[in-house]
Each structure stands twice: as structure tokens, then as C-alpha cells.
Amino acid sequence: TTTTTTTTTTTTNANTNHQNVRKWLTKNHSKELTRLDKFALDLHLGRLSSTSDTTDRRRLTSRTVELLRTFVGNTRWKHPAQLMMLLRGIGMEL
């Protein structure tokens, strides 16, 4: 019972952080939020990889790293913890 409660609480906190990141991006970096939404849509629709071969996985990895690099470079964060929260929120989005 304790394990279930801890897992549920952790999941709830992660979802709350995810929503906070989306709100923060909407308020401070709407262009980056648009970029994230487009990437997520392309990922879910299978536009980033058509098969499971190595070339497609490399392309997907490269596009993901490019997205993260753009986020780190184009967003303003006050301390490393805020950057980590941003990256975790992006991870939850994807």
C-alpha cells in the first residue's frame, strides 16, 4: 500500500510539474512551446521515423538532441534546478 501511494504521489507531482512547464513556456517562451508541440505531433504521427532501422533511429535521436539544444539555448532560466524542471517537463510532453 505504501509503495502504491508513493508511486501515485510521484506521478501526480510529475504531471503537475509538466503542466507548470507548459504554463511557463506559454508565458515566457511561446515560440519554443510551438516548436515542442510540432515535434511532439510529428513524433506521434510517425513523421520522424518511418521504420525501425538504424538510420531512422539516428535521425530521431538527432532531431531530439537538436530540440533539447535549442530549448537550452533559447530559454532563460535562473538556476540549474529550473533548467532540470524544464527538461523533465519536455520529457513528459514527449
Legend entry - Donor-acceptor pair, side chain of Ser62 and main chain of Arg58, under 3.5 angstrom: no
Inset, instruction - Please name the pair of heavy atoms, one in Val72 and one in Trp77, separated by the smallest distance, quoted to 0.1 Å. - result: O-NE1, 3.6 Å
Legend entry - Point-to-point distance, once rounded to the nearest 0.5 Å, from NZ of Lys23 to CG of Leu33: 13.0 Å
Inset, instruction - Take Glu93 and Asp37 through the test side-chain contact (heavy atoms from CB on, under 4.5 Å) and record every step on the way to the result. - result: CA-CA 8 Å; Glu93 279 282 324; Asp37 288 341; 4.2 Å; yes
Inset, instruction - Take Met85 and Ile90, measure what side-chain contact (heavy atoms from CB on, under 4.5 Å) needs, and give me the verdict at the end. - result: CA-CA 9 Å; Met85 187 181 78; Ile90 292 170; over 6 Å; no
Inset, instruction - Check whether any side-chain heavy atom of Arg76 lies under 4.5 Å from a side-chain heavy atom of Asn28, and answer yes or no. - result: no
Inset, instruction - Hey, could you give me the CZ/OG1 distance between Arg59 and Thr64, rounded to the nearest 0.5 Å? - result: 11.0 Å
Inset, instruction - Taking His29 for its side chain and Glu32 for its backbone only, find out whether a donor-acceptor pair lies under 3.5 Å. - result: no
Legend entry - Side-chain (Ser30) to main-chain (Thr26) donor-acceptor, under 3.5 angstrom: no
Inset, instruction - Please tell me if the side chains of Leu86 and Leu25 come closer than 4.5 Å, counting only heavy atoms from C-beta onward. - result: yes
Legend entry - Note, Leu43 side chain near Arg63 side chain (heavy atom, < 4.5 Å): no
Legend entry - Close side-chain approach of Asn74 to Lys31, heavy-atom, < 4.5 Å: no
Inset, instruction - Would you check if Leu83 and Phe71 make a side-chain contact, meaning some heavy-atom pair closer than 4.5 Å? - result: no
